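Here's the structure we're looking at; comments come further down.
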2 protein chains.
Amino acid sequence: MSTSNASGPLTPERILEAAEETLRRFGPAKTTVVDVARALGVSHGSVYRHFPTKADLRDAVVDRWLQRMHPWLSAVAQGEGAAAERVRLVLWTLAEMKWTQSQNDPEFFTAFAELAEEARTPVVAHVDFVVAQLTKVIAEGVARGEIASADPRATALAVFDATAKFHNPAARSEWVRPAIDEAFANVWTLLRDGLLPRPPAV
Amino acid sequence: MSTSNASGPLTPERILEAAEETLRRFGPAKTTVVDVARALGVSHGSVYRHFPTKADLRDAVVDRWLQRMHPWLSAVAQGEGAAAERVRLVLWTLAEMKWTQSQNDPEFFTAFAELAEEARTPVVAHVDFVVAQLTKVIAEGVARGEIASADPRATALAVFDATAKFHNPAARSEWVRPAIDEAFANVWTLLRDGLLPRPPAV
DNA sequence: CGAATGACAAAACTTGAAATCTGTCAGCTG
DNA sequence: CAGCTGACAGATTTCAAGTTTTGTCATTCG
């Protein structure tokens, strides 16, 4: 019996699509490779032809999820306006996207946050991407005299770490509005004052 | 048969001592109220006379553990020197005490970190204490013209939140030395520059 | 001949019956 | 009689047997 699927050859992309859908429906605890294969109308052996282990498949799904945010972050990083304001926007966008997802679909977000805890590699790549965007904006701000920093990458890491509470899914239990907006505003006030160049002492 | 214990009447303090010791030996998952009672040579009914539920006993142990840090934090908060430096010292001491414990006795620290995740009330009290210390130092700095802040409590919360990565046990997996010392230094540079008053623009 | 299958062994999970634990309280004991 | 005990009911956890899942690979299919 051939359960052959309408949509062409089996590709990593089609598997990832089906895996994310299955994860969404059953949750990370209940999703098996056989479930994913069934959603595609193939045997589980075929899935293993493209992803050597279940952990690799899971990491690839997490990677896809994280990378979907990247265009939005690039956009605000490359926008117009003062460098400090663009740093704020990158951090805010990063946090806001996660808050929104976590509020709109808590189960899905929790599922992905749990997966992300295990999936070191894609998370490291995501952090690297965000820090690279911040570094670019800060370096530009330094060049224009809008931001004071001896080492733009160190400063980028510092603002990223200092706002961890707002974008790290591990802290999601504290994302209660409106308290979290206020906390972000308070932290940002301090960071912005730390970024701005000081006029030479009199 | 009386397994009567040498040391006087059963007090909450003696129970907490035994509970902490038992938790340390068996871990939070394997510790039962019966174990604690056995360590004291009493029946578990006697423990329930002093703590209405196991959760209350656990919270009291966590509370004791967190409060043991308080004298050290008060000491640096009340020390001499510039206000900003004392803010740094409070945050550093808070982080350092946790890093040290987590390195010296990882199992014990993990156990307590897990307990703390469930024990809302003592954790809130601990955060309140630390923020109160920071608020005092910042308010003093503002009075002396050493620190710029429109609202010392908001600023205290901001520096506390901005350093969450360094003192929140939930982030303990990232406490790898020496990377974490450097990350702290970078964040602090930014926060300090945000705290210092700016000379009036020319 | 490359892509896919499905039978298979080992590992990881599920299940439910037995054991243990929590929290109560009537009664004992010093 | 104040403080403690231990039997007890209901909730939770353990453990071993049974089931499912992962990952491999010889074989089949187009």
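This is a predicted model, so every value here is computed, not measured. Chain naming here is simple, since letters A, B, ... match the order of the sequence lines and numbering starts at 1 in each.
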Problem set entry | Residue A:Leu10, side-chain atoms from C-beta onward, closest of D:dC4, C:dT5, C:dA4 | C:dA4

Exercise. With respect to the side chain of A:Tyr48, which nucleotide from D:dT24, C:dG6, D:dT5 is positioned closest?
Worked result: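 My answer, after comparing the listed nucleotides, is D:dT24.
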
Seminar exercise, completed: Those residues at least two apart in sequence (or on a different chain) that pass side chain to side chain donor-acceptor pair (under 3.5 Å) with A:Glu140 are A:Arg86, A:Arg144

For this session: Applying side chain to side chain donor-acceptor pair (under 3.5 Å), name anything that partners B:Asp63, two or more places apart in sequence or on another chain.
Result: B:Gln67

To the nearest Å, give me how far apart [atom1] ([X]) and [atom2] ([N]) are.
X: A:Phe26; N: D:dT20; atom1: CZ; atom2: C1'; result: 15 Å
X: B:Arg58; N: C:dC21; atom1: CZ; atom2: P; result: 18 Å
X: A:Lys54; N: D:dT22; atom1: NZ; atom2: P; result: 4 Å
X: A:Leu57; N: D:dT21; atom1: CG; atom2: C1'; result: 14 Å

For this session: Keeping to residues at least two apart or across chains, list the ring pair (Phe, Tyr, Trp, His ring centres under 6.0 Å) pairs with something in residues 10-30 of chain A.
Result: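 For residues 10-30 of chain A: none.
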
Exercise. Per the atom types in the model, does the base of D:dG23 pair as donor or acceptor with the side chain of A:His44 at under 3.5 Å?
Worked result: yes

Hey, can you pull the donor-acceptor pairs under 3.5 Å for the side chains in residues 39-46 of chain B, sequence neighbours left out?
from    : atom 1 : to      : atom 2 : distance (Å)
B:Ser43 : OG     : B:Gly45 : N      : 3.4

Exercise. Partners of A:Phe112 by ring pair (Phe, Tyr, Trp, His ring centres under 6.0 Å), sequence neighbours excluded?
Worked result: A:Trp65, A:Phe108

Seminar exercise, completed: The ring pair (Phe, Tyr, Trp, His ring centres under 6.0 Å) partners of A:His70 (sequence neighbours excluded) come to A:His126, A:Phe129

Seminar exercise, completed: Within residues 28-37 of chain A, the residues having a heavy atom closer than 4.0 Å to DNA chain C are A:Lys30

For residues 176-184 of chain A, run the donor-acceptor check on the side chains, cut-off 3.5 Å, and write out each pair with its distance to 0.1 Å, sequence neighbours left out.
from     : atom 1 : to       : atom 2 : distance (Å)
A:Arg177 : NE     : A:Asp181 : OD1    : 3.0
A:Arg177 : NE     : A:Asp181 : OD2    : 3.4
A:Arg177 : NH1    : A:Glu96  : OE2    : 3.2
A:Arg177 : NH2    : A:Glu96  : OE2    : 2.9
A:Arg177 : NH2    : A:Asp181 : OD2    : 2.9

Using atom names, set out every protein N or O paired with an N or O of nucleotides 25-27 of chain D below 3.5 Å, distance rounded to 0.1 Å.
none

Exercise. For residues 158-167 of chain A, which residue pairs qualify under side-chain hydrogen bond (donor to acceptor under 3.5 Å, both in side chains), counting only residues two or more places apart or in two chains?
Worked result: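 As it turns out, the side-chain hydrogen bond (donor to acceptor under 3.5 Å, both in side chains) pairs with a partner in residues 158-167 of chain A, which skip direct neighbours, are A:Asp161-B:Lys165, A:Thr163-A:His167, A:Lys165-A:Glu174, A:Lys165-B:Asp161.
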
Exercise. Where each residue is assigned the nucleotide of DNA chain C containing its nearest heavy atom, which of A:His50 and B:Ala55 is assigned the position nearer the 5′ end?
Worked result: A:His50

For this session: Look at the side chain of B:Arg192 and the backbone N and O of B:Ala84, then say whether any donor-acceptor pair between them is shorter than 3.5 Å.
Result: no

Exercise. Any Lys/Arg nitrogen of A:Arg88 or A:Glu85 sitting under 4.0 Å from an Asp/Glu carboxylate oxygen of the other?
Worked result: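 Here A:Arg88 pairs with A:Glu85 in a salt bridge, since their nearest N and O are under 4.0 Å apart.
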
Problem set entry | Rounded (10°) bend between the five-pair end axes of the helix from C:dC1-D:dG30 to C:dG30-D:dC1 |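 The two end axes of the helix from C:dC1-D:dG30 to C:dG30-D:dC1 meet at 20°.
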
Exercise. Looking at residues at least two apart in the chain, or sitting in another chain, which of them share a salt bridge (charged side-chain N to carboxylate O under 4.0 Å, His left out) with A:Arg172?
Worked result: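 Result, salt bridge (charged side-chain N to carboxylate O under 4.0 Å, His left out) vs A:Arg172: none returned.
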
Exercise. Phosphate oxygens OP1/OP2 of D:dT5: is one of them under 4.0 Å from a side-chain N or O of B:Ser46?
Worked result: yes

